[in-house]
Every structure is written in structure tokens, then in C-alpha cells.
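Structure first, then comments.
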Amino acid sequence: MASTDTILQGVNVLGPVNESQKKILTPKALAFLALLHRSFNPTRKALLERRKARQAELDRGVLPDFLPETKHIRENVTWKGAPPAPGLVDRRVEITGPTDRKMVVNALNSDVWTYMADFEDSSAPTWENMVNGQVNLYDAVRRQVDFKQGSKEYKLRTDRTLPTLIVRPRGWHLEEKHVTVDGEPMSGSLFDFGLYFYHSAFESVKQGFGPYFYLPKMESHLEARLWNDVFNLAQDTISMSRGTIRGTVLIETILAAFEMDEIIYELRDHSSGLNCGRWDYIFSVIKKFRQNSSFVLPDRGCITMTVPFMDAYVKLLIQTCHKRGVHAMGGMAAQIPIKDDPAANDKAMDGVRADKLREVRAGHDGTWVAHPALAQIAIDIFNKHMPTPNQLFVRREDVRVGQNDLLNMNVPGQVTEEGIRKNLSIGLGYMEAWIRGVGCVPINYLMEDAATAEVSRSQLWQWVRHGVTTAEGKRVDKQYALKLLKEQTAQLAANAPKGNKFQLAAQYFAGQVTGEDYADFLTSLLYNEITVAGSPRPAAKL
């Protein structure tokens with residue numbers, strides 16, 4: 001292998017690096033990132049081009065189906081995924097959240113089984129957020145993350161085993177513009193994965209778990225194959241046994257739903273299952289079929305987990321995972337406690353109970369919560385109905401899901417002006433916070449992240465594009481959408497602190513809700529607003 005100095009030629013850091021961050025952005029760590037980038041960025045870019053070609057097919061009316069060329073993989077019942085790794089046998093309740101230091105301590109102190117530390121949808125990828133997040137996880141793995149904020153101390157508990165740490169890097173489509181390799185910005189995925197793995201792979205094993213990841217936004221098994229290649233090279237490079245890494249794939253795109261067997265197969269030596277990424281999945285359905293009037297959906301509140309296309313997706317995911325011996329994880333309870341309205345809070349918590357009961361009865365092996373206060377509700381439901389560490393033995397052989405089931409858009413409900421205004425408020429509220437560097441935002445007692453904002457703006461685009469008529473009899477066109485956008489922006493800005501970013505958010509949002517331009521992702525659209533790249537500095541001289 002080439003020397004560190006040789007590898008670092010052509011590697012530049014464009015973001016500031018303070019003293020606490022130097023232990024993360026070391027020359028050897030940056031050389032590891034450069035190795036990953038040079039090895040895999042061409043394939044990553046080719047796969048992103050493949051996404052564009054697939055979208056063009058969908059725009060022409062070609063509907064997705066199970067792949068004929070991989071039928072032999074789906075029909076071969078003998079192959080299995082990897083057995084559950086240490087710390088991942090029982091995953092009945094997982095908490096998720098960004099990687100700021102307070103969140104890390106609070107999550108690891110929660111009464112849950114795992115904590116997904118998120119560099120993706122609940123984090124705004126400012127340079128400071130991404131690098132400080134790595135610092136916090138470095139310290140958390142080593143159990144040295146205690147800190148003091150004002151008069152309050154945050155300390156890791158010592159009375160029980162801490163939740164297993166799982167890291168979610170950014171998706172393949174996102175870049176990290178503050179680090180360049182041979183003149184190209186780094187893949188955000190490889191940056192997030194690489195720094196955590198390089199510094200904490202062996203330490204995490206020493207602590208009794210391992211380098212575990214949640215893998216987002218994939219659209220095909222070829223993208224899973226790329227992750228598997230990354231895992232193998234990473235382990236080989238640091239002389240770690242292959243198969244030590246585990247990756248749980250979020251099935252949050254409609255195209256991935258047709259390739260679940262194949263995705264597990266590609267990652268089989270590293271697979272720790274699949275997860276129902278419900279909000280991103282709904283976003284994907286709208287996004288992928290946005291030109292097709294047969295896929296117009298009603299108000300967001302009508303799209304529950306029991307509507308046909310969502311129900312089919314859940315059943316197929318559980319059946320597929322358990323057939324292959326890996327975990328089938330449930331989705332997010334995004335509610336947060338309503339402290340000033342007991343009646344409303346009771347109603348919201350009853351909704352959480354019903355959702356978690358549906359999941360455990362369906363055969364899920366665990367579920368997600370966004371707030372520690374919801375953990376006990378989920379624990380009580382899963383403990384009562386899942387006395388075993390998991391439900392891998394629940395085969396769901398009764399399930400028969402085909403193409404028509406996954407594409408069944410028979411969703412009762414209507415488009416209403418209230419629904420339009422809610423989408424505008426959620427989209428504006430999230431985008432405004434994201435531009436300020438905040439990626440996880442409480443709105444109307446729900447913890448909103450990028451996925452829910454994407455649903456909001458995609459529905460608005462779709463409704464204008466196809467000229468739907470609201471329940472009130474109003475045709476949704478460009479002028480109507482922009483009129484309501486202006487009203488919602490004024491209302492939100494009037495009630496927000498001075499210096500808010502609502503007008504800037506509205507400028508971006510206006511281009512996304514008229515049925516014309518459609519950005520691939522809001523986060524890509526807004527990224528330059530939070531990117532402050534300085535002068536390039538050679539990595540070898542940090």
C-alpha cells in the first residue's frame with residue numbers, strides 16, 4: 001500500500017479545523033477517505049446516472065416490477081444473511097436523532113436497545129455539524145462523552161449496558177464539499193462512513209458491539225453491492241475480519257421495494273436486516289411517479305400504514321427479511337409529548353400505541369422512536385407481544401405480494417386547502433431550520449425531518465402538475481399554490497424570531513411547488529446555503 005504522504009497528494013480540506021477536531025481529521029484518516037473515494041466514486045457517480053435513466057423510463061410510463069434477471073436469487077430459499085451480530089440480536093426499540101453531543105448522551109442514556117446516530121435526514125450537513133458529530137461519536141464509543149453545559153452536567157449512565165450505537169451516513173447522492181480529492185468533492189456517504197469506521201471500528205468491537213450502520217436512500221441492489229464493496233475494502237485496509245461490519249438497509253424508495261431479496265443478497269455477509277423508512281417511502285412513490293396522474297395521492301394525513309401500497313410494502317419486507325434470517329425493523333413514531341394539553345397528548349400517545357401494536361403483530365422485530373418519552377410505550381407493546389429477542393421465526397408464509405399490490409394507489413381521501421397549508425407550513429418550517437443548520441425540527445408536536453418535508457413539497461408539486469380539485473371545489477394551479485405559499489410564509493415569519501430565514505426558504509420553495517422545476521432532493525437544492533468552503537489546504541499539512 002502507498003504511503004500516507006503519497007495518498008494525500010491531491011487531497012484538500014476547505015473547512016476550518018479546530019483543536020478538538022484534529023483527532024478526527026488526521027492525515028491517516030484523510031488518507032483512508034481518499035482511498036475510499038478513489039476506489040468507489042466513479043461507481044457511485046455511474047449509479048447516480050443510472051437513477052436518471054430509470055427516472056426517464058418511469059416518466060414514459062414504464063412501471064417497476066420484480067427483476068427477471070435476478071429471479072434465481074429470489075427463488076433460491078437456501079441462502080441467508082449474516083447471523084445477528086453482538087448487540088443486534090434484540091433491537092425491539094431504537095431511538096434515532098442527530099449527532100450533537102447532548103443528543104448523543106441523552107440517547108445513550110435512554111431505555112432503548114439501540115441508538116441510530118444520524119448524519120442524514122435529521123442533521124443539516126454543515127461542516128461544523130458533520131465534523132463535531134464525528135468527534136462526539138469518537139468520544140461516545142470510548143465512553144468519554146460527558147460534558148457540562150452551563151450549570152447542567154450530561155453524563156453517561158453506568159447502571160446498565162448502553163444501547164448499541166448504529167451510525168447512518170448520508171445517502172449516495174450527497175457530497176461533502178469541504179473535502180476534495182483530485183479536485184472532486186468527496187461523497188458524503190464515504191466521508192461519514194470512513195471517519196467513523198477508521199477511528200472506531202476496533203474500539204466498538206472492544207466495547208462489545210461493532211461498526212454498525214444504517215444505509216439510506218438506495219434505489220437498487222447495485223447500490224447495495226457498492227456498499228458491500230466499500231465494507232470489504234475498509235475491513236481489509238485496517239486488517240479487520242470481513243463480516244465484522246453490519247448494515248441495516250432502509251427500504252425507503254419504491255424501486256428498492258422490488259429488490260429487497262437482492263439487496264440482502266448483495267450485503268449478505270454484512271446484512272443486519274431492512275427497515276421500513278415510511279416517510280421517505282411515501283416521498284419516493286410521489287417523486288418517482290410524479291408525471292403519472294394515476295399516482296396522485298390525497299392529503300398526507302390520509303396516507304396511513306394501512307392503505308394498500310403501504311400495507312403490501314410492510315408485509316413483503318417482513319416476509320423477505322425473515323426468509324433470509326435478518327431483522328425486519330418497523331418505522332418511526334415521530335410524535336413528541338404535548339405537555340400543555342393532556343387530552344391531546346393522550347390521543348397522540350394512543351396513536352403511537354396502535355402503530356406499535358400493528359408493527360409487532362405484523363412480525364416486526366423492533367421499532368423506532370424519535371423521543372425518549374415514547375420509548376416506554378413501544379417497550380410495553382413489544383414486551384407484551386414479543387417475549388422473544390426477535391421474531392425471525394415468524395415467516396409470514398401467508399403473504400403474497402406482487403407488482404399490483406406495491407403499486408395499488410387506492411387511498412381514500414381528498415386534497416383539501418387545510419392539507420395544502422399544512423404541507424406548506426411543514427416544508428417552510430423545515431427548510432427554514434435547515435438553512436440555519438438544524439436538521440430535526442418539532443412542528444405541531446411531530447419531529448419533522450427531511451423526509452416529511454420532501455413529502456410536503458412533492459405532494460404540492462404533484463397536485464399543481466395534475467390540476468387536482470380540492471374538497472372545497474378549488475382547482476390547484478400555480479397561482480393558487482403561490483398565493484397560499486405567500487400567506488403561510490407571512491404567518492410563519494410574523495411569529496418567528498428576528499433574523500429568521502422564512503423568506504429565503506420561501507424563495508426556494510416557490511420553485512418547487514408549481515408543477516414545473518423539481519429538484520432531486522431538497523437537501524441538494526439547499527446545500528450551498530450552508531456550505532462555507534474556505535481556501536483549500538493540503539490534508540498533509542493539517
Side-chain angles (χ1 to χ4, degrees), residues 95-104 106-107 116-133 136 149 168 170-171 174 177 188 192 216-217 279-280 283 300 332-339 370-371 420-460 484-513 519-532:
I95 194 167
T96 74
T99 56
D100 62 275
R101 206 165 184 89
K102 180 179 175 182
M103 177 70 203
V104 171
N106 287 342
M116 187 196 78
D118 189 21
F119 287 104
E120 203 226 5
D121 271 5
S122 63
S123 290
T126 65
W127 174 247
E128 184 178 24
N129 284 350
M130 295 297 96
V131 181
N132 285 345
N136 296 335
Q149 191 174 64
R168 178 162 70 171
R170 282 168 280 182
L174 290 170
K177 293 185 179 179
D192 300 339
K217 301 286 190 296
W279 293 114
D280 267 303
F283 157 50
R300 167 182 155 177
M332 170 67 79
Q335 291 85 350
I336 54 179
I338 307 172
K339 295 179 180 179
H371 193 283
I420 295 172
R421 289 186 182 276
K422 278 186 177 178
N423 278 349
L424 287 167
S425 292
I426 291 166
L428 285 167
Y430 185 77
M431 291 169 71
E432 189 274 340
W434 203 89
I435 293 169
R436 288 188 288 105
V438 178
C440 197
V441 190
I443 302 174
N444 298 326
Y445 301 105
L446 291 173
M447 194 61 75
E448 306 283 6
D449 68 5
T452 47
E454 292 284 23
V455 172
S456 297
R457 67 105 179 192
S458 298
Q459 281 201 307
L460 293 164
L484 295 185
L485 172 63
K486 185 177 180 180
E487 292 173 6
Q488 293 303 118
T489 304
Q491 180 182 331
L492 290 167
N495 295 310
K498 189 176 180 180
N500 67 78
K501 303 289 185 180
F502 278 110
Q503 293 298 334
L504 180 58
Q507 289 175 30
Y508 279 104
F509 213 23
Q512 296 297 304
V513 300
D520 201 27
F521 291 93
L522 281 178
T523 47
S524 302
L525 178 71
L526 299 173
Y527 184 50
N528 285 338
E529 288 292 340
I530 61 171
T531 304
V532 187

With the threshold set at 4.0 Å, does a side-chain nitrogen-carboxylate oxygen contact exist between Asp121 and Lys217?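 Salt bridge between Asp121 and Lys217, a charged N being under 4.0 Å from a carboxylate O: yes.
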In Å, rounded to the nearest 0.5 Å, how long is the span from [atom1] of [X] to [atom2] of [Y]?
{"X": "Arg300", "Y": "Gln459", "atom1": "CZ", "atom2": "CD", "result": "8.5 Å"}
{"X": "Ile443", "Y": "Glu448", "atom1": "CD1", "atom2": "CD", "result": "5.0 Å"}
{"X": "Ile435", "Y": "Leu526", "atom1": "CD1", "atom2": "CG", "result": "5.0 Å"}
{"X": "Leu504", "Y": "Thr489", "atom1": "CG", "atom2": "OG1", "result": "11.0 Å"}
{"X": "Phe119", "Y": "Leu174", "atom1": "CZ", "atom2": "CG", "result": "13.5 Å"}
{"X": "Leu485", "Y": "Asn423", "atom1": "CG", "atom2": "CG", "result": "12.0 Å"}

Could you tell me whether a side-chain N or O of [X] sits under 3.5 Å from a main-chain N or O of [Y], the two making a donor and an acceptor?
{"X": "Tyr527", "Y": "Thr126", "value": "no"}
{"X": "Ser456", "Y": "Thr452", "value": "yes"}
{"X": "Asn129", "Y": "Pro125", "value": "no"}
{"X": "Asp280", "Y": "Ala451", "value": "no"}

Output, in order, the C-alpha distance, side-chain angles, deciding distance and verdict of side chain to side chain contact (heavy atoms under 4.5 Å, CB included) for Met447 and Gln335. CA-CA 6 Å; Met447 194 61 75; Gln335 291 85 350; over 6 Å; no
Any side-chain heavy-atom pair from [X] and [Y] closer than 4.5 angstrom?
{"X": "Trp434", "Y": "Val441", "result": "no"}
{"X": "Met116", "Y": "Ile95", "result": "no"}
{"X": "Phe283", "Y": "Phe521", "result": "yes"}

Distance only, no hydrogens: is a donor on one side chain within 3.5 Å (strictly under) of an acceptor on the other, for Ser122 and Asp118?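 Looking only at side-chain atoms, Asp118 and Ser122 do form a donor-acceptor pair, the distance falling under 3.5 Å.
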Between the side chains of Lys422 and Asn444, is a donor N or O closer than 3.5 angstrom to an acceptor N or O?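 Per modelled atom types, Lys422 and Asn444 side chains form no pair under 3.5 Å.
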Grab the two heavy atoms, one from [X] and one from [Y], that are nearest each other, plus how far apart they are.
{"X": "Ile336", "Y": "Leu446", "value": "CG1-N, 4.1 Å"}
{"X": "Met103", "Y": "Gly97", "value": "CE-CA, 3.7 Å"}
{"X": "Met332", "Y": "Thr96", "value": "CE-OG1, 2.9 Å"}
{"X": "Tyr430", "Y": "Cys440", "value": "CE1-N, 4.4 Å"}
{"X": "Asn528", "Y": "Lys177", "value": "OD1-NZ, 2.7 Å"}
{"X": "Asn495", "Y": "Gln491", "value": "ND2-O, 3.0 Å"}

Taking it one step at a time, do Arg170 and Glu120 satisfy salt bridge (Lys or Arg N to Asp or Glu O under 4.0 Å)? CA-CA 5 Å; Arg170 282 168 280 182; Glu120 203 226 5; over 6 Å; no
Could I get the full list of salt bridge (charged side-chain N to carboxylate O under 4.0 Å, His left out) partners for Asp449, not counting sequence neighbours?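 Checked Asp449 against salt bridge (charged side-chain N to carboxylate O under 4.0 Å, His left out); zero matches.
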Could you note down all residue pairs passing side-chain hydrogen bond (donor to acceptor under 3.5 Å, both in side chains) where residues 496-513 supplies at least one of them, sequence neighbours left out?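 Qualifying pairs: Arg457-Gln512, Tyr508-Glu529.
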Test side chain to side chain donor-acceptor pair (under 3.5 Å) applied to Ser458 - qualifying residues, sequence neighbours left out: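 Side chain to side chain donor-acceptor pair (under 3.5 Å) check on Ser458 returns Tyr518.
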